[in-house]
Amino acid sequence: MKQVQFSAFGTPHEVAGCVDVPDVGAPGAEEVVIEIEAFPINPADLLTMTGDYAVRPQLPATLGAECVGRIAAVGSNVRHLVVGDRVINLGRDNWCQRRKVPAAQALKVPAHADVLQLAMLKVNPATALLMLRNYVDLQPGDWLIQDAANSGVGTNLIRLAKADGVRTVNVVRRESLTQPLQSIGADVVVVDGDDLAARVQQATGGAPIRLAIDAIGGAMVLRLADCLAEGGTVVNYGLLSGEPCQLGAHHTIFKGITLTGFWLQKALTSMARPNLEALYADLAARVADGTLHVEVEATYPIEEIKAALAHAEREGRSGKILVLPNGPVG
């Protein structure tokens with residue numbers, strides 16, 4: 001069985017490789033074996049390999065917070081899943097050809113939905129939806145602002161907000177991203193800069209913005225906070241700049257701006273099982289009907305993980321990079 005491992009922290013495509021490991025074997029009574037069809041490479045994976053993520057795994061390590069696959073074998077006590085069911089795995093370490101996991105970790109998803117989109121179901125759509133819903137009570141017609149708007153989370157947030165009737169200001173680094181984001185429902189797209197707040201105010205007609213979603217940190221948080229109305233909230237979920245989040249005293253003292261953070265792993269572990277299942281049933285249905293869709297730039301076989309990682313590390317990509325560990329998928 002093939003698996004991706006890395007044995008040192010450093011540049012991802014240099015430290016990771018595809019290795020042969022023993023097969024997972026038959027499932028126990030409460031377990032299932034998943035043959036993995038696809039998994040994405042996410043920013044958190046890259047940060048983990050460089051040693052800059054919140055968790056530093058014991059080495060050698062296998063990564064992968066999400067995947068999609070087919071049930072290849074079920075334990076004797078498993079009743080809610082059968083061989084052939086398509087599932088996502090709520091557990092980690094999914095960069096391999098097969099996983100043996102507790103049956104409770106496998107959530108059934110629509111077999112007819114786009115398999116590559118289902119591979120990206122666990123992280124980005126859930127992150128976007130929970131940040132949209134859990135921090136500020138936004139009503140149809142209200143505005144939010146986000147940076148990294150062309151990211152996986154960003155494009156999901158645009159689509160989810162549009163479905164709720166919430167309007168979005170989307171901050172990007174390149175003018176060329178304007179039309180693609182508008183085509184999926186972005187109301188306003190602006191290129192980042194020192195005068196961001198003035199241009200956002202002009203584009204929205206001075207509408208109050210109470211929620212900002214940040215993936216970058218550093219001085220970007222200052223510019224987002226400048227765009228917020230009094231009492232607004234900044235939700236930080238990433239650190240693409242590598243710099244700590246910044247807010248000024250005029251934001252916190254005089255405008256009452258709040259800065260908080262979101263980590264999906266923590267959010268999921270605190271959810272009751274029925275709520276967790278409802279969350280992913282909702283998101284899977286949106287993937288199946290096309291409401292949620294993230295562009296895929298390239299797919300790679302697992303044997304070419306170094307090339308896949310090097311591609312994922314590039315700036316200016318137009319979509320996600322996925323790996324197909326057991327060959328092409330239908």
Side-chain angles (χ1 to χ4, degrees), residues 37-48 53-54 63-68 87-92 94-95 107 109-110 113-135 144 146-164 166 168 170-172 177 180-181 184-186 211-216 235-240 261-269 271 276 279-299 308 311-313 317-323:
E37 296 175 287
F39 61 77
I41 298 173
N42 289 324
D45 301 314
L46 302 178
L47 286 171
T48 300
Y53 196 57
L63 291 174
E66 58 184 342
C67 70
V68 67
V87 297
I88 62 170
N89 178 24
L90 296 178
R92 306 182 72 83
N94 293 306
W95 287 13
L107 285 185
V109 292
D114 186 322
V115 65
L116 298 185
Q117 296 301 314
L118 290 173
M120 300 180 283
L121 178 66
K122 177 188 170 186
V123 174
N124 290 339
T127 296
L129 186 62
L130 293 174
M131 291 193 298
L132 175 65
R133 299 273 180 85
N134 288 3
Y135 293 91
L144 66 80
Q146 68 164 336
D147 56 31
N150 61 310
S151 67
V153 171
T155 53
N156 276 290
L157 187 62
I158 290 169
R159 294 174 182 274
L160 290 166
K162 186 173 182 63
D164 282 358
V166 173
T168 60
N170 301 277
V171 184
V172 296
L177 294 170
L181 293 182
I184 65 170
L211 176 63
I213 305 295
D214 168 60
I216 297 174
V235 180
N236 167 258
Y237 71 97
L239 206 64
L240 294 177
F262 177 85
W263 187 20
L264 180 65
Q265 183 174 342
K266 185 175 181 180
L268 295 181
T269 55
M271 293 178 69
L276 185 69
L279 169 68
Y280 282 110
D282 176 19
L283 293 172
R286 294 176 191 243
V287 167
D289 69 16
T291 302
L292 289 180
H293 181 88
V294 174
E295 292 300 318
V296 175
E297 182 162 297
T299 63
H311 196 162
E313 293 166 33
R317 287 184 289 103
S318 61
K320 296 285 285 188
I321 307 303
L322 283 84
V323 175

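FYI, the numbering just counts along the sequence from 1. This one's a predicted model, so the numbers in the text were calculated from it and none came from an experiment.
- Contact record, L292 with P125: CD1-CB, 4.0 Å, taken as the closest heavy-atom pair.
- In this structure, K122 and L268 have side chains that are in contact, with non-hydrogen atoms separated by less than 4.5 Å.
- How far CG of N150 is from OG1 of T155: 8.0 Å, rounded to the nearest 0.5 Å.
- Across every non-hydrogen atom of I216 and A148, the tightest pair is CD1-N, 4.3 Å.
- Between atom CE of residue M131 and atom CG of residue N236 there is a gap of 9.0 Å, rounded to the nearest 0.5 Å.
- The OG1 atom of T127 lies 4.0 Å from the CG atom of L264; values are rounded to the nearest 0.5 Å.
- Annotation: side chain of D164 is in contact with side chain of R133 (closest heavy-atom distance under 4.5 Å).
- A heavy-atom distance below 4.5 Å is found between the side chains of Q117 and V296.
- Distance check, rounded to the nearest 0.5 Å: CD of E66 to CD1 of I88 gives 8.0 Å.
- For residues 279-299, the salt bridge (charged side-chain N to carboxylate O under 4.0 Å, His left out) pairs, not counting sequence neighbours, are D282-R286.
- Judged by distance alone, the side chain of N89 and the main-chain N or O of G91 form a donor-acceptor pair under 3.5 Å.
- At least one side-chain heavy atom of K320 sits under 4.5 Å from a side-chain heavy atom of N42.
- L116 CG to T299 OG1: the interatomic distance, rounded to the nearest 0.5 Å, is 7.0 Å.
- In terms of modelled atom types and a separation under 3.5 Å, the side chain of N94 and the main chain of G64 share a donor-acceptor contact.
- By the ring-ring contact (aromatic ring centres under 6.0 Å, His included) test, H293 pairs with no residue at all, sequence neighbours left out.
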**Criterion side-chain contact (heavy atoms from CB on, under 4.5 Å) on L90 and Y280, from CA distance to verdict** = CA-CA 10 Å; L90 296 178; Y280 282 110; 4.1 Å; yes
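- Minimum heavy-atom separation, G290 to R159: O-NH1, 4.2 Å.
- Between F39 and W95, the two ring planes are parallel [angle under 30°; tilted spans 30° to 60°].
- In terms of modelled atom types and a separation under 3.5 Å, the side chain of R317 and the main chain of A312 share a donor-acceptor contact.
- When side chains are defined from C-beta on, L157 does not count as touching T168, because their heavy atoms never get closer than 4.5 Å.
- Closest approach of A215 to D147, counting heavy atoms only: N-OD1, 2.8 Å.
- Interatomic distance, L46 CG to Y53 OH, rounded to the nearest 0.5 Å: 11.5 Å.
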**Asked** For N124 and N156, what are the C-alpha separation, side-chain angles and deciding distance, and is it a side-chain hydrogen bond (donor to acceptor under 3.5 Å, both in side chains)?
**Response** CA-CA 7 Å; N124 290 339; N156 276 290; 5.9 Å; no
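- No donor-acceptor pair under 3.5 Å is formed between the side chain of N170 and the backbone N or O of Q146.
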